[in-house]
Amino acid sequence: MSDEKIKESVSKKQEPEPEEEKDKFEKYRKAGKAVKDVRENARKMVQPGTPIIDICERIESELLNKEVGISFPCNVSINNIAAHYTSPSDDKTLINDNDMVKIDFGTHVDGYIADTAFTVSFKPEHEKLIEASEKALEAAIEMIKPGAETRLIGEKIEETIKGYGFRPIKDLSGHLLDQYIIHSSKIIPNISIPHGTKIEEGEVYALETFATTGSGSVTEAPYAYIYSLLPLRIPLRFKGSRQVLGLVQKEFKTLPFAERWLAKKVSKAGLKLAIKELTEKGLFRAYNVLSDRKGSLVSQAEHTLIVLDSGCEVITR
Ligand code: MN
Ligand code: MN
C-alpha cells in the first residue's frame with residue numbers, strides 16, 4: 001500500500017485551519033526538543049563493551065521521561081549495517097572498540113514526528129567518514145527553502161560525500177513527515193537523480209545522509225526486528241495474532257514498533273507466530289535490516305526541519 005493511502009486512512013481530516021497549523025508546528029517543536037535533550041546523553045552511552053540492547057532501552061526510556069511518544073524503536077546500526085537494526089528481545093551483542101555505530105531515534109507529539117541520527121566511532125581514522133555524512137547534511141540543510149529542487153539537494157549531498165572519497169548510499173533518502181507517517185510521499189535523495197520534486201513551505205522533513213566505504217547500495221537481510229501496521233482489514237486465523245494486532249493498533253497506530261517491545265507483553269512463542277501471520281497476510285510491514293557489503297563501514301547524520309518562508313528551522317539541534 002502506498003504511503004499516501006496510509007495517510008488518507010490515518011487522517012481523514014480536511015485541510016487544517018491556520019490556528020491548527022500553528023499548533024501542529026508547536027507539537028513538532030516539542031518532539032524536537034525532547035530529541036535534542038536526549039541526543040548528547042545518547043552519545044555518551046555508546047562505549048565499547050556496552051550491550052546494544054542497553055543503549056536502545058536507555059534512550060527509549062529517557063525519551064518517555066520527556067513526556068513524548070516514541071516514533072520508532074531506537075536503531076543502533078553497526079559498521080556495514082546502514083539502518084533498521086534495533087535489538088531483538090534476547091540481543092547479547094556488545095559494542096566493539098572498532099565499531100562504527102549509528103544511533104537513530106525519534107519522538108512524536110500527537111503523531112508529529114522528530115527524527116535524528118548521529119554516528120560514533122572510537123578510532124581517529126574513522127573521523128573522515130563521519131565528517132562526510134555530517135557535512136553533507138549541513139550542506140543540504142543550507143539549501144532547504146520553498147522551491148528548492150530535491151534533485152539538486154541530492155546532487156550536493158553526493159558531491160560532498162564523494163569529495164571525501166566515499167560513496168553516498170543511493171537507496172536511502174531523507175523523507176517528508178506527516179502525522180503518524182514516518183515516510184510520507186516525498187524524498188530527498190542522497191544522490192543526483194534526473195527528476196525530483198520541489199520543497200514547499202510548511203512541509204516537515206527528516207533529512208538524512210549516508211556515507212559508505214562500500215558499494216553505495218544496501219541489501220535487505222532476511223530478518224527484521226522492526227515492523228509497522230498497514231491499515232487493512234484481513235481475517236486472522238490465530239487468537240494470538242488478533243491480540244497482537246489489537247495491541248499494536250492501540251499503542252503504535254501506523255508508527256514502527258519493535259518486536260522487543262511486544263515481547264514484554266506477549267509470550268515469546270505466541271508472538272513469533274503472530275508476527276509471522278500478520279506479516280504474511282500483509283498487515284505488518286517488516287523493516288528488514290539493511291546493509292552495505294561485508295567489511296564496509298557506513299556513517300549517517302540526520303535532523304528534522306520545518307520549511308519556513310525563506311529557509312528552514314532545524315528542530316532536533
Ligand atoms: Mn532516523
Ligand atoms: Mn529518518
Side-chain angles (χ1 to χ4, degrees), residues 3 6-7 28 31-32 34-36 38-39 42-43 46 52 55-56 59-60 62-63 68-78 81-87 100-109 111-120 130 133-134 136-138 140-141 144 150 153-154 157 168-191 199 203-212 218 224-228 252 254-258 285 287-291 298-307 312 314-317:
D3 288 328
I6 298 172
K7 187 183 153 193
Y28 271 117
V35 158
K36 212 164 19 183
V38 172
R39 230 178 106 106
R43 193 177 276 278
V46 185
I52 294 180
I55 299 174
C56 295
I59 290 176
E60 289 164 3
E62 285 204 15
L63 293 173
V68 292
I70 292 179
S71 52
F72 55 89
C74 175
N75 284 221
V76 180
S77 302
I78 310 268
I81 298 178
H84 297 173
Y85 186 95
T86 194
S87 283
M100 172 146 306
V101 187
K102 277 81 63 192
I103 304 287
D104 190 336
F105 62 94
T107 56
H108 75 94
V109 174
Y112 296 111
I113 297 163
D115 179 2
T116 197
F118 59 86
T119 304
V120 177
I130 296 176
S133 53
E134 285 174 351
L137 177 62
E138 277 171 39
I141 288 172
I144 301 284
T150 57
I153 301 169
I157 293 170
I169 294 189
K170 67 174 193 300
D171 25 27
L172 296 172
S173 310
H175 45 102
L176 184 67
L177 299 167
D178 245 305
Q179 192 177 21
Y180 290 106
I181 306 287
I182 187 133
H183 290 110
S184 194
S185 55
K186 289 162 88 171
I187 65 150
I188 301 181
N190 269 287
I191 54 161
I199 304 286
E203 287 179 330
V204 182
Y205 285 92
L207 190 42
E208 55 190 306
T209 53
F210 292 84
T212 177
V218 289
Y225 307 121
I226 301 173
Y227 299 87
S228 69
F252 316 122
T254 46
L255 292 173
F257 56 88
R285 166 182 171 189
Y287 293 81
N288 290 48
V289 171
L290 299 173
S291 309
V298 177
S299 74
Q300 178 198 14
E302 180 174 25
H303 277 302
T304 299
L305 53 89
I306 301 172
V307 183
C312 71
V314 180
I315 60 169
T316 50
R317 72 169 176 208

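For ligands, and for the atoms within them, numbers begin at 1 and follow the listed sequence. Residues take their numbers from the sequence shown, with the count starting at 1.
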Would you kindly say whether Glu208 and His175 are connected by a side-chain donor-acceptor distance under 3.5 Å?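 A pair is found: one side chain offers a donor N or O, the other an acceptor, under 3.5 Å apart.
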
Do Ser87 and Tyr225 get their side chains close enough for a donor-acceptor pair, meaning under 3.5 Å?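 Side chains of Ser87 and Tyr225: no pair found under 3.5 Å.
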
Restricting to N, O or S atoms, which atom of [X] is closest to the Mn ion (ligand 2)?
{"X": "Asp115", "value": "OD2"}
{"X": "Glu302", "value": "OE2"}
{"X": "Glu208", "value": "OE2"}

Lys36: what forms a salt bridge (charged side-chain N to carboxylate O under 4.0 Å, His left out) with it, not counting sequence neighbours? none

Which label fits Phe118 and Phe105: parallel for a plane angle under 30°, tilted from 30 to 60°, or perpendicular past 60°?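 Answer is perpendicular, since the angle exceeds 60°.
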
The Mn ion (ligand 2) to nearest N/O/S of His183 less than 2.8 Å: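 So His183 does not count as coordinating the Mn ion (ligand 2).
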
Check whether any N, O or S atom of Asp104, backbone or side chain, sits closer than 2.8 Å to the Mn ion (ligand 2).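 Within the cut-off used here (under 2.8 Å), Asp104 places no N, O or S atom near the Mn ion (ligand 2).
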
For the backbone of Gln300 and the side chain of Thr119, can you confirm whether one donor and one acceptor N or O come within less than 3.5 Å of each other? yes

